[in-house]
Amino acid sequence: MQFNHDSALARLAALGMDDMPVLEYTPNRCVIDSDWFQKYSMLRREFMASLTDSFDEIAFMNLPQEEFMNLIMGKHMPENTSLRFRIPLIWGGKLNIDNMFMCLTFPQSHNLDRFIIEQSDATTIFLPNPAKKIYVTTTSSINSTSGNATSDRLTQSAVQFVSGRGNE
């Protein structure tokens with residue numbers, strides 16, 4: 001299916017991601033280096049360690065404190081989270097942090113796969129391109145007037161972690 005910018009946004013809205021920006025892209029099939037996975041594994045740890053500027057977004061993912069801390073320390077990804085490439089490697093995307101974002105595996109990553117696969121016969125495709133390193137739908141980040149206790153707790157933990165990191 002060939003989308004235009006408006007129809008791509010409408011399709012994402014139908015998939016529950018009405019706040020997801022898109023990047024118009026013409027796929028250019030590329031050969032991927034045979035050592036891509038080793039490089040990806042190292043980059044994945046770098047990406048996780050770079051999330052110290054994304055505490056608010058991570059807090060809205062409602063992760064248990066241990067998973068939250070393991071994520072920002074670069075140890076491992078929490079369950080039901082995925083790292084995605086903004087531009088897939090097979091289409092010319094680069095192995096770097098700027099080409100990556102994290103989201104929930106279900107439903108966001110699954111729906112983003114559907115969105116991309118629906119465009120498989122198109123000459124120009126629209127790729128998900130969130131503004132930040134962490135994609136959380138705006139409906140996930142709506143707080144009540146009393147605030148978000150998980151967000152507050154995790155943000156406090158994150159501040160302690162960062163201040164402790166500065167003393168090393």
Problem - Atom of I134, atom of L51 and distance for their closest heavy-atom approach - result: CD1-CD2, 3.7 Å

Practice task
Return the orientation label for the F3 and F115 ring planes: parallel under 30°, perpendicular over 60°, tilted otherwise.
Solution key: parallel

Exercise for the section: Please answer: with hydrophobic residues joined when any side-chain heavy atoms are less than 4.5 Å apart, are L83 and F37 in the same cluster? Expected result: yes

Completion exercise
Interatomic distance, CG@D98 vs CZ@R86, rounded to 0.5 Å, equals 8.0 Å

Fill in the blank from the handout: Note: W36 and L95 closest approach over all heavy atoms is O-CD1, 3.9 Å

Completion exercise
residues 121-135 vs salt bridge (Lys or Arg N to Asp or Glu O under 4.0 Å), sequence neighbours excluded, gives D53-K133, E57-K132

Exercise for the section: For T81, enumerate each residue passing the side chain to side chain donor-acceptor pair (under 3.5 Å) test, keeping only those at least two apart in sequence or located in another chain. Expected result: none

Handout entry: Any side-chain heavy-atom pair of M48 and I72 under 4.5 Å
Key = no

Practice task
Evaluate the side-chain proximity of P128 to I116: yes if any heavy-atom separation is below 4.5 Å, no if none is.
Solution key: yes

Practice task
Nearest 0.5 Å please: distance from the CG atom of D113 over to the CD atom of E118.
Solution key: 11.0 Å

Practice task
Determine yes or no for a side-chain-to-main-chain donor-acceptor pair under 3.5 angstrom, with R44 supplying the side chain and H76 the backbone.
Solution key: no

Problem - Pairs meeting criterion ring-ring contact (aromatic ring centres under 6.0 Å, His included) with involvement of residues 91-114, two or more places apart - result: F106-H110

Exercise for the section: Evaluate the side-chain proximity of L127 to L112: yes if any heavy-atom separation is below 4.5 Å, no if none is. Expected result: no

Handout entry: Expected output: side-chain N129 to main-chain L23 donor-acceptor under 3.5 Å
Key = no

Fill in the blank from the handout: In terms of heavy-atom contacts, M100 and Y40 come closest through CE-CE1, 3.9 Å

Exercise for the section: Please list, chain by chain and in numerical order, all residues satisfying side chain to side chain donor-acceptor pair (under 3.5 Å) with S109, sequence neighbours excluded. Expected result: R84

Practice task
Sequence neighbours left out, what pairs pass salt bridge (Lys or Arg N to Asp or Glu O under 4.0 Å) with at least one residue falling in residues 58-75?
Solution key: none

Exercise for the section: Could you tell me whether a side-chain N or O of Q2 sits under 3.5 Å from a main-chain N or O of T123, the two making a donor and an acceptor? Expected result: yes

Handout entry: Heavy-atom side-chain proximity of Y135 to M17 below 4.5 angstrom
Key = yes

Practice task
Using the rule that two of Ile, Leu, Val, Met, Phe, Trp, Tyr join whenever any of their side-chain heavy atoms come within less than 4.5 Å, decide whether M1 and M20 are in one cluster.
Solution key: yes

Handout entry: salt bridge (Lys or Arg N to Asp or Glu O under 4.0 Å) contacts in which one or both residues fall within residues 21-35, not counting sequence neighbours
Key = D33-K39, D35-K39

Handout entry: Transitive ILVMFWY side-chain link I90 to L43, under 4.5 Å
Key = yes

Exercise for the section: Kindly indicate whether the side chain of M61, heavy atoms from C-beta on, has any atom under 4.5 Å from the side chain of C103. Expected result: no

Exercise for the section: Quick one: closest heavy-atom pair of L89 and C30, and the distance? Expected result: O-CB, 4.1 Å

Exercise for the section: Would you name the heavy atoms of I87 and G92 that are closest together and state the gap between them? Expected result: CG2-C, 4.2 Å

Handout entry: 4.5 Å side-chain heavy-atom contact, F126 and L9
Key = no

Handout entry: Gap separating the CZ atom of F47 from the CG atom of N99, nearest 0.5 angstrom
Key = 10.5 Å

